[in-house]
Asker: 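I am attaching a structure below and will ask some questions about it afterwards.
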2 protein chains.
Amino acid sequence: MDALSPSLSQEVNQLHADICSALADPTRILLLYTLSEGPRTVNELTVEFGAPQPTISRHLKTLRERGLVIATRKGQMVEYSLADKRLIQALDLLRAVLRDGVLRRAIVVQEVD
Amino acid sequence: MDALSPSLSQEVNQLHADICSALADPTRILLLYTLSEGPRTVNELTVEFGAPQPTISRHLKTLRERGLVIATRKGQMVEYSLADKRLIQALDLLRAVLRDGVLRRAIVVQEVD
DNA sequence: TCATAATATGCGCTTATCCGAATAAGTTTA
DNA sequence: TAAACTTATTCGGATAAGCGCATATTATGA
């Protein structure tokens, strides 16, 4: 247990980073925000995003593998839902950080009267 | 402005994802947690992490470019500090999500009385 | 200015990620 | 079982991220 502690926390840190890398894509962020409004089937998401179905499925797989979304079979379709509402809280915090700091430097904001 | 709106929000989403991808590395997560305790010079971080100095510098650059940390020259050294405490709140939320959901599936937890 | 200390960057390499296109796999109804 | 529908996976090529190593930059002090 003495020897396990460091490698365990290393492993936890890696999993922590893995969650972040699941968030590191604009489409996946939008998927999470969409699912925060309620469960959706793959087809509904495909239509809503106007993206190829394999693309949506692959993004959902990334999120599912890391436990951020939950897949439930409903007949021949699969319904996806958000695994934890705190994901949205975290994303909102990061967006606030963006607004208050990074945004100003990255985009030329045109001040209108 | 009608035509700019979608591309602007796309750009914001990309920046949002960029912040997340800055978090998508165990070393950078530890750097942020360390800086949340107070500012550190590159050398202090290098010693504390036991990692090569160029590695630390490159990670800090990644964080700095995205506005997550702030660099201040102090004589011949550069002091880094956390740009926004909400980053830690967000990381803590994600770690809580990890604890409550993913961890159980990823690591064999040995239940000891 | 020269030497030294602290930090940053460039280069070559390996590894990971993303996308499109095609295809496979599971489910329902006939 | 066959056909239709929904979802998942695989492959190949392009792009980006990571690391170790060497070196460049900036600042201090003699």
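Lettering follows sequence order; numbering is per chain, from 1.
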Asker: Using a strict threshold of under 4.0 Å (side-chain N to carboxylate O), is an ion pair present between B/Arg40 and B/Glu48?
Answerer: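 A salt bridge is present here (some side-chain N lies under 4.0 Å from a carboxylate O).
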Asker: Any donor and acceptor pair, going by atom type alone, linking the side chain of A/His16 with main-chain N or O of B/Asp25 inside 3.5 Å?
Answerer: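 Pair absent, no side-chain N/O of A/His16 close to backbone of B/Asp25.
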Asker: Roughly how far, to the nearest 0.5 Å, is the CG atom of A/Leu45 from the CG atom of A/Leu30?
Answerer: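 Going from the CG atom of A/Leu30 to the CG atom of A/Leu45 covers 11.0 Å.
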Asker: Are any side-chain N or O atoms of B/Ser21 and backbone N or O atoms of B/Ala24, one a donor and one an acceptor, separated by less than 3.5 Å?
Answerer: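 Checked: no pair found.
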Asker: For a 4.5 angstrom cut-off between non-hydrogen side-chain atoms, does B/Thr55 reach B/Phe49?
Answerer: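 No, every pair of side-chain atoms sits at 4.5 Å or beyond.
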Asker: Would you tabulate the nitrogen or oxygen pairs shorter than 3.5 Å linking the protein to nucleotides 4-9 of chain D?
Answerer:
unit_1	atom_1	unit_2	atom_2	d
D/dT7	OP1	A/Val42	N	3.4
D/dT7	OP1	A/Val78	N	3.2
D/dT7	OP2	A/Asn43	N	2.8
D/dA8	OP1	A/Tyr80	OH	2.7
D/dA8	OP2	A/Ser57	OG	3.0
D/dA8	N7	A/Gln53	NE2	2.8
D/dA8	N6	A/Gln53	OE1	3.3

Asker: Give a yes-or-no answer on whether the side chains of B/Tyr33 and B/Asp92 include a donor-acceptor pair shorter than 3.5 Å.
Answerer: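 B/Tyr33 vs B/Asp92: donor-acceptor pair found between side chains.
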Asker: Would a single hydrophobic cluster contain both A/Leu93 and B/Leu23, if residues Ile, Leu, Val, Met, Phe, Trp and Tyr are joined by side-chain heavy-atom contacts under 4.5 Å?
Answerer: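 As far as the 4.5 Å side-chain criterion goes, A/Leu93 and B/Leu23 are not connected within one cluster.
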Asker: Within the distance-only criterion (no hydrogens, no angle test), does the side chain of B/Arg28 pair as donor or acceptor with the backbone N or O of B/Ala22 below 3.5 angstrom?
Answerer: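 At least one qualifying donor-acceptor pair exists.
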Asker: When the distance from CG of A/Asp18 to P of D/dG18 is rounded to whole Å, what number comes out?
Answerer: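 It is 13 Å, rounded to the nearest whole Å.
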Asker: Going 5' to 3' along DNA chain C, which are the first and last nucleotides with any atom under 4.0 Å from a heavy atom of chain B?
Answerer: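 First and last nucleotides in contact are C/dA5 to C/dG10.
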